[in-house]
Amino acid sequence: RTPDQLAAALALQPASITLDYLDLYGLRPAVEQVQAAGIEARVASPRILKPDEQRIVNFLRRLECAILVRSTGLLNALQGQASQPLHGDFSLNAANALSAHTFFNLGLARLAPTHDLNAAQIAALATAVGPDRLEVIAYHHLPVFHTEHCVFCRFLSTGTSYKDCGTPCETHKVALRDVHGRSHPVMADVGCRNTVFGAEAQTGAAHLADWLKAGIGHYRLEFVHETAEQVSQVTEAFRLALAGKMREGELNGRLRQIAPQGTTEGSLFVPDN
């Protein structure tokens, strides 16, 4: 989500890098950077597309790289229009084989399961639809809610819209502190909407063995306010674990130390019973 994070990711040489930038027009040089490094580039679409925002769809198509589709409206707009691979995000809410196959039939090559599924249910879904078609988000900050209200404009500007706010979202980091003292990152998108993310990083470290046993091979590590160093450390820890060189408990402990505000199993938690 930032140039510093991108630089760290490029040095790690992963299979692919997904770009989720505030400034859409900063995407093209970033995509070119990723492709020049011999890495698959993918761009994340905005979470919401309104009727007068067709230009965003056209811009994403012209980037000529894979698109992470976050809404059914965008998926519909891309029907028969996109030559690049389309991957569905968790927000499409695919929770079972019926919904997953519906999206595959609409052109998705890969799909991230909804966050309503726990880790065991994700493994079961992989068995039902084919593990190569799923992408598991193994590290991320859960998007708690998405809102039209822009806290950057409200608290860091005397303006009332993007026309006169001075775009403080491009130069400042903002978080909302709750009654327990936890800071929940806030990020703006190209439509001036804000997403509030959970303070702790949600991680599937405790379930990697089960996911690998189910045949799942695509794993996403997603960052919000993490520094370049934290991006490198988290990625290297997962790389060692996926290669069988770091045990589950060791990975959990390492991630708790690295993540800015600790970790949680969150929606991936599987009860003992």
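Residues in residues 104-115 take part in these salt bridge (Lys or Arg N to Asp or Glu O under 4.0 Å) pairs, two or more places apart or across chains: Arg110-Glu135. Within the structure, every pair that satisfies the salt bridge (Lys or Arg N to Asp or Glu O under 4.0 Å) test and touches residues 64-86, not counting sequence neighbours, is listed here: Asp20-Arg70, Arg70-Asp89.
The shortest side-chain heavy-atom distance between Thr264 and Thr203 does not fall under the 4.5 Å cut-off. The side-chain heavy atoms of Phe90 and Pro143, taken from C-beta on, include a pair separated by under 4.5 Å. With a 4.5 Å cut-off on side-chain heavy atoms, Ile56 and Leu60 count as touching. The shortest side-chain heavy-atom distance between Arg220 and Val136 does not fall under the 4.5 Å cut-off. Between Arg193 and His146 there is a side-chain heavy-atom pair separated by less than 4.5 Å. The side-chain heavy atoms of Phe103 and Thr72, taken from C-beta on, include a pair separated by under 4.5 Å. Taking the side chain as every heavy atom from C-beta outward, Val190 and Asp23 never approach each other to under 4.5 Å. By the 4.5 Å heavy-atom criterion applied to side chains, Leu63 and Arg28 are counted as neighbours.
Shown here for Ser71 and Leu92, the closest heavy-atom pair between the two residues is C-CD2, 3.7 Å. The minimum heavy-atom distance between Ala30 and Leu6, with the atom names listed, is CB-CD2, 3.9 Å. Considering all non-hydrogen atoms of both residues, Ala109 and His87 come closest at CB-CD2, 4.0 Å. Pairing each heavy atom of Cys169 with each of Leu22, the nearest pair is SG-CD2, 3.5 Å. Annotation for Val270 and His207: closest pair CG2-CE1, 3.9 Å, computed over non-hydrogen atoms.
Val224 and Leu176 sit in two unconnected hydrophobic clusters of ILVMFWY residues. Membership requires side-chain heavy atoms under 4.5 Å apart, directly or through other members. Cluster annotation: Ile67 and Phe104 are assigned to the same hydrophobic cluster (Ile/Leu/Val/Met/Phe/Trp/Tyr, side-chain heavy-atom contacts under 4.5 Å, transitive). Under the 4.5 Å side-chain heavy-atom criterion for grouping Ile, Leu, Val, Met, Phe, Trp and Tyr, Tyr219 is connected to Leu108 within one hydrophobic cluster. Cluster annotation: Leu74 is connected to Leu27 through the hydrophobic network of ILVMFWY side chains, with a link wherever side-chain heavy atoms come within less than 4.5 Å. In terms of hydrophobic clustering, with Ile, Leu, Val, Met, Phe, Trp and Tyr side chains grouped at heavy-atom distances under 4.5 Å, Phe238 and Leu142 are assigned to different clusters.
Between the side chain of Gln54 and the backbone N or O of Pro51 there is no donor-acceptor pair closer than 3.5 Å. With hydrogens and angles ignored, the 3.5 Å screen pairs a side-chain donor or acceptor of Glu53 with a backbone N or O of Lys50. The backbone N or O of Leu75 sits less than 3.5 Å from a side-chain atom of Gln79, completing a donor-acceptor pair. Proximity of a side-chain donor or acceptor of His184 to a complementary backbone N or O of Ala199 within less than 3.5 Å is detected. The backbone N or O of Leu12 sits less than 3.5 Å from a side-chain atom of Arg239, completing a donor-acceptor pair. Here the side chain of Thr2 pairs a donor or acceptor atom with the backbone of Gln5 at under 3.5 angstrom. The backbone N or O of Asn118 lies less than 3.5 Å from a partner atom in the side chain of Gln121, making a donor-acceptor pair. Between the side chain of Ser16 and the main chain of Ala41, no donor-acceptor pair closer than 3.5 Å is present. Listed for the Trp211 side chain is no donor-acceptor partner under 3.5 Å among the backbone atoms of Ala120.
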Residue pair Glu200, His141: steps toward the side chain to side chain donor-acceptor pair (under 3.5 Å) verdict: CA-CA 6 Å; Glu200 299 93 346; His141 294 265; over 6 Å; no

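Open room surrounds OH on Tyr162; 12 or fewer heavy atoms of other groups in view lie less than 6.0 Å from it. Atom CG of Leu240 has more than 12 heavy atoms from other residues, nucleotides or ligands within 6.0 Å. Crowding of Lys213 atom NZ: a count of heavy atoms from other residues, nucleotides or ligands under 6.0 Å not exceeding 12. More than 12 heavy atoms of other residues, nucleotides or ligands shown are found within 6.0 angstrom of CD on Glu40.
Residues passing the side-chain contact (heavy atoms from CB on, under 4.5 Å) test with Asp132, sequence neighbours excluded: none. Partners of Thr147 under the side-chain contact (heavy atoms from CB on, under 4.5 Å) rule, at least two apart in sequence or in another chain, are Phe145, His149, Asn194. For the side chain to side chain donor-acceptor pair (under 3.5 Å) test, residues two or more places apart in sequence or in another chain that qualify with Ser99 are Asn96.
Residue Asp164 holds its CG atom at 4.5 Å from OG of Ser161, rounded to the nearest 0.5 Å. The distance from atom CZ of Phe59 to atom OG of Ser45, rounded to the nearest 0.5 Å, is 13.0 Å. Here the straight-line distance linking atom CD of Gln33 with atom CG of Leu10 works out to 5.5 Å at 0.5 Å rounding. Between the SG atom in Cys165 and the CZ atom in Phe152 there is a gap of 10.5 Å [rounded to 0.5 Å]. Atoms CD1 and OG, on Ile48 and Ser91 in that order, are 8.5 Å from each other to the nearest 0.5 Å.
Side-chain contact annotation: Thr195 with Arg47, donor-acceptor N/O pair under 3.5 Å present. Donor-acceptor pairing under 3.5 Å is lacking for the side chains of His225 and Gln230. For the residue pair Thr114/Asp116, the side-chain donor-acceptor check at 3.5 Å is satisfied. Residues Gln202 and Ser267 have side chains that bring a donor and an acceptor to within less than 3.5 angstrom of each other.
Arg1 and Glu222 are joined by a salt bridge, as a carboxylate oxygen and a charged side-chain nitrogen come within less than 4.0 angstrom of each other.
Proximity of the aromatic rings of His115 and His140 is defined here by a centroid distance below 6.0 angstrom, and this criterion is met. The ring of Phe223 has its center closer than 6.0 angstrom to the ring center of Tyr139.
No option in Leu111, Ile216, Leu134 other than Leu134 meets the side-chain contact (heavy atoms from CB on, under 4.5 Å) test with Leu125. Screening Ile39, Val43, Val31 for a side-chain contact (heavy atoms from CB on, under 4.5 Å) with Ile17, the sole residue that qualifies is Ile39.
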Could you give the side-chain donor-acceptor pairs of residues 243-261 under 3.5 Å, partners two or more places apart or in another chain?
from	atom 1	to	atom 2	distance (Å)
Gln261	OE1	Ser183	N	2.9
Gln261	NE2	Ser183	O	2.4

